Amino acid sequence: MNLEVVGFHRGWEGVMSNDSKALTPRSVGGILQLGGTILHTHRSPAFETKKGVKKGAKTLSKLAVEGLVVIGGDGSFRGACDLSKESDTLIIGVPATIDNDVYGTDETIGFDTAVNTAVTEIDKIRDTAMSHERTFIVEVMGRKRGFLALTAGLTSGAEIIIVPEIKAKTDIIIQTLRENWKKGKRSSIIVKAEGAGDARTLAKNIETSVGSEVRISVLGYAQRGGSPTARSRLLASLYGNKAVELLLKEQGNKVVGLQNGQIGTINMEKSCNTTKPFDMSLLLLANVLAT
Ligand code: F6P
């Protein structure tokens with residue numbers, strides 16, 4: 001199949017300013033194992049305006065782009081939804097964000113990589129927690145959602161997981177830590193999503209009420225980098241393949257994703273406008289495993 005492929009630099013910025021480069025099998029060779037993106041990425045407030053979207057539509061029409069694959073999270077897809085109203089180009093969304101907060105897919109590209117990075121770090125932090133008999137609050141990314149905190153917390157054996165989806169009650173956290181102490185657990189790891197309140201306030205409350213030494217560790221941008229895991233690479237391959245398949249069938253306005261173990265699609269507008277549900281049963285399981 002003779003498809004001509006170009007990649008826009010810096011996301012929507014490149015679409016607006018018509019800044020692209022040709023992508024060929026040879027030019028993208030050797031990037032599979034790299035973190036980040038060779039096209040660079042950019043948050044683009046200008047594309048949140050009608051003027052910006054119209055500018056983007058103009059570029060697509062000028063270059064006679066027949067299909068646009070948008071790789072990103074909800075911000076990128078919001079832009080894609082707006083653009084689809086101004087342009088005839090077929091648009092397909094490929095979900096890629098460490099936050100895993102895209103509706104219509106069980107998993108986004110990069111999520112597994114970030115979870116593994118967080119778990120590796122938490123395992124190391126546990127060494128200090130146990131040696132010094134301390135409580136640690138480990139803050140992970142996730143923006144306004146707790147998917148990363150939940151999976152990283154569960155798989156690193158966190159004693160407590162705090163997510164924005166469920167209001168954390170300080171008295172219950174303190175009670176759990178006291179019970180842990182009585183049970184002989186002299187160290188605890190609390191994995192807290194960045195969107196779930198202030199770590200310092202919680203640390204102070206715990207120190208005052210429980211008496212144990214508390215340290216805060218913010219994992220930060222390390223979670224967004226590094227070589228992708230095999231699972232992230234597999235999802236990227238499957239989603240990319242599906243996106244091309246859809247474009248060849250002249251279908252647009254869809255987001256590809258993993259749905260109950262199968263590669264499926266969902267309407268882009270629906271994906272943009274629906275909040276991904278949070279799996280409470282996993283949080284309950286994490287609590288059971290932490291007893
Ligand atoms: O959306 C991905 C994400 O890494 C969030 O988890 C985090 O809150 C945010 O991006 C950080 O954004 P910035 O790079 O603009 O600080």
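Each ligand, and each atom within it, is numbered from 1 in the order the structure gives. Counting begins at 1 with the first residue of the sequence. Not measured: the values here are computed from a predicted model.
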Inset, instruction - Identify whether the distance between the nearest side-chain nitrogen and carboxylate oxygen of E121 and K124 falls below 4.0 Å. - result: yes
Legend entry - Nearest neighbour in protein (non-hydrogen) for atom 2 (C) of ligand 1: D99 OD2, 3.2 Å
Inset, instruction - Can you figure out which of R43, K144, H42 has its heavy atom closest to atom 9 (C) of ligand 1? - result: R43
Inset, instruction - Output yes when E48 and R78 qualify as a salt bridge under the 4.0 Å nitrogen-oxygen rule, no when they do not. - result: no
Legend entry - Pair D74 + R143: basic N to acidic O under 4.0 Å: yes
Legend entry - Structural part of I98 in contact with ligand 1, heavy atom criterion under 4.0 angstrom: side chain
Legend entry - Residue G142 vicinity, atoms of ligand 1 by number, heavy atom under 4.0 Å: 6 (O)
Inset, instruction - Using a strict 4.0 Å threshold on nitrogen-to-oxygen distance, state whether K85 and E269 make a salt bridge. - result: yes
Inset, instruction - Tell me which protein heavy atom sits closest to atom 16 (O) of ligand 1, plus the residue, atom name and distance to 0.1 Å. - result: Y221 OH, 2.4 Å
Inset, instruction - Could you name the option among R145, E194, R224 that has the heavy atom nearest to atom 3 (C) of ligand 1? - result: R224
Legend entry - Salt bridge present between D101 and K276 (N-O < 4.0 angstrom): no
